[in-house]
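What follows is a short report on a single structure.
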Amino acid sequence: MDIQKIKSIIEAILFAAGREVKINELVSAIEINKEEIINIISKMTLEYEEQKRAIEIIKVDDAYQMCTKKEYYEYIYPILDKRAKPNLSNAALETLSIIAYNPEITRAEIEAIRGVNSDASIYKLLEYNLIEEVGRLEAPGRPTIYKTTKEFLKMFGYSSLEELPDLPKYKIDENQQIVIDDILEENKDKNPEREEEADQKE
């Protein structure tokens with residue numbers, strides 16, 4: 001089978017599926033090896049970009065999905081979906097970040113990091129399918145364990161959690177707390193002009 005035929009088959013499958021299609025499903029349907037499929041999809045991705053197509057193929061873990069590009073969202077959304085656009089508060093985003101960087105974490109552990117009750121944020125993230133329950137911890141009370149979903153990866157443009165940016169490394173004091181003075185000093189070093197402006201305003 002020639003490569004153009006394979007590209008057309010992959011495009012047809014991804015378009016018709018309307019969901020993430022696992023690599024193994026493509027292998028089974030087309031009957032070529034996994035490495036060849038990965039290479040062909042990589043070429044298709046570049047071709048779509050060079051041709052400035054409105055669609056793109058994204059990778060989510062061990063699967064691929066055909067999507068429209070983010071810049072066309074404002075035109076598509078009013079026609080296809082009348083639901084309220086997800087609106088995450090700072091508290092919800094903070095909770096989501098903690099779960100993303102700490103897969104399989106419990107509510108108590110989230111609240112220990114944030115220092116406040118996180119019930120509302122967790123419920124909101126579950127509602128938007130950005131996190132999910134993945135079991136219960138073998139501990140007293142068997143607390144629920146949470147992790148991010150594939151919807152989270154797609155919303156923020158990641159193929160896997162391994163692509164998350166590294167967290168900044170700050171000094172920790174004897175109480176296992178971040179040393180705030182160090183952060184303030186670092187920000188001052190990075191933005192001396194802003195510091196001078198603040199001094200002048202005072």
Side-chain angles (χ1 to χ4, degrees), residues 19-20 22-23 56 58-65 67 69-71 73-74 77 81 83-199 201-202:
R19 61 167 174 84
E20 302 103 346
K22 292 186 177 298
I23 296 175
E56 61 183 347
I58 63 170
K59 188 174 186 297
V60 183
D61 289 336
D62 62 342
Y64 292 96
Q65 183 171 3
C67 304
K69 289 184 176 178
K70 294 177 183 177
E71 54 260 43
Y73 175 84
E74 63 180 296
Y77 187 84
D81 199 336
R83 294 172 298 179
K85 183 179 178 180
N87 184 20
L88 298 179
S89 64
N90 288 336
L93 286 170
E94 184 178 282
T95 302
L96 182 58
S97 298
I98 290 170
I99 297 172
Y101 281 99
N102 299 275
E104 303 192 359
I105 189 171
T106 66
R107 185 191 308 268
E109 291 170 330
I110 294 168
E111 292 176 348
I113 294 171
R114 295 191 64 226
V116 295
N117 182 285
S118 300
D119 285 352
S121 295
I122 290 173
Y123 290 143
K124 182 63 68 176
L125 295 173
L126 286 168
E127 180 185 345
Y128 287 140
N129 193 32
L130 294 174
I131 64 170
E132 62 184 344
E133 300 178 0
V134 290
R136 293 187 175 276
L137 188 67
E138 293 295 336
R142 293 180 56 77
T144 301
I145 300 171
Y146 299 96
K147 75 169 187 176
T148 52
T149 63
K150 289 184 178 180
E151 192 64 32
F152 161 79
L153 294 175
K154 288 191 287 185
M155 178 177 283
F156 290 91
Y158 296 117
S159 296
S160 72
L161 293 178
E162 294 178 359
E163 294 183 0
L164 289 172
D166 293 333
L167 288 172
K169 295 178 174 60
Y170 296 116
K171 191 182 297 180
I172 304 296
D173 65 18
E174 64 276 8
N175 297 316
Q176 296 301 302
Q177 299 294 319
I178 293 174
V179 180
I180 300 298
D181 289 343
D182 287 357
I183 300 176
L184 296 176
E185 190 61 35
E186 181 177 324
N187 288 336
K188 180 179 178 180
D189 292 341
K190 288 181 178 178
N191 301 286
E193 297 86 358
R194 292 179 62 181
E195 190 69 24
E196 289 175 7
E197 289 175 4
D199 290 340
K201 288 179 181 179
E202 293 176 0

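Predicted model only: the values in this text are computed from it and were never measured.
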Exercise. Tell me, yes or no, whether the heavy-atom count around Lys147 atom NZ, taken from other residues, nucleotides or ligands under 6.0 Å, exceeds 12.
Key: no
Separation between CG (Leu126) and OH (Tyr146), nearest 0.5 Å, reads 6.0 Å
One should read off an interatomic distance between Ile98 CD1 and Ile131 CD1, to the nearest 0.5 angstrom, of 11.0 Å
Under the side-chain contact (heavy atoms from CB on, under 4.5 Å) criterion, do Leu88 and Tyr128 qualify, and how do the steps go? CA-CA 9 Å; Leu88 298 179; Tyr128 287 140; 3.6 Å; yes
Within the structure provided, determine whether Phe152 and Leu125 are in side-chain contact (heavy-atom separation under 4.5 Å). no
Between Ser118 and Ile110, the two heavy atoms sitting closest are OG-CG2, 3.8 Å
Review point. Cut-off 3.5 Å, side chains only: do Gln65 and Lys154 have a donor facing an acceptor?
Key: yes
Value for CD (Glu151) from CZ (Phe156), rounded to nearest 0.5 Å, stands at 10.5 Å
### Task
Begin with the C-alpha distance, continue with both residues' side-chain angles, and end with the deciding distance and a verdict on side-chain contact (heavy atoms from CB on, under 4.5 Å) for Tyr101 and Ile113.
CA-CA 12 Å; Tyr101 281 99; Ile113 294 171; over 6 Å; no
Rounding to 0.5 Å, atoms CG (Leu153) and CG (Leu130) come to a distance of 10.0 Å
Using a 3.5 Å distance criterion without hydrogens, assess whether the side chain of Thr149 forms a donor-acceptor pair with backbone atoms of Asn129.
yes
Heavy-atom nearest pair, Ala100 first then Leu164, reads O-CD1, 3.7 Å
Smallest heavy-atom separation, Ile99 atom then Thr148 atom, equals CG2-N, 3.8 Å
Residues 103-112 vs salt bridge (Lys or Arg N to Asp or Glu O under 4.0 Å), sequence neighbours excluded, gives Arg107-Asp119
Minimal heavy-atom distance between Ala92 and Ser121, with the atoms involved, is N-OG, 3.6 Å
In this structure, CZ of Arg142 is separated from CD1 of Ile145 (nearest 0.5 Å) by 8.5 Å
query = Is a side-chain N or O of Lys59 found less than 3.5 angstrom from the main chain of Asp61, in a donor-acceptor match?
reply = yes
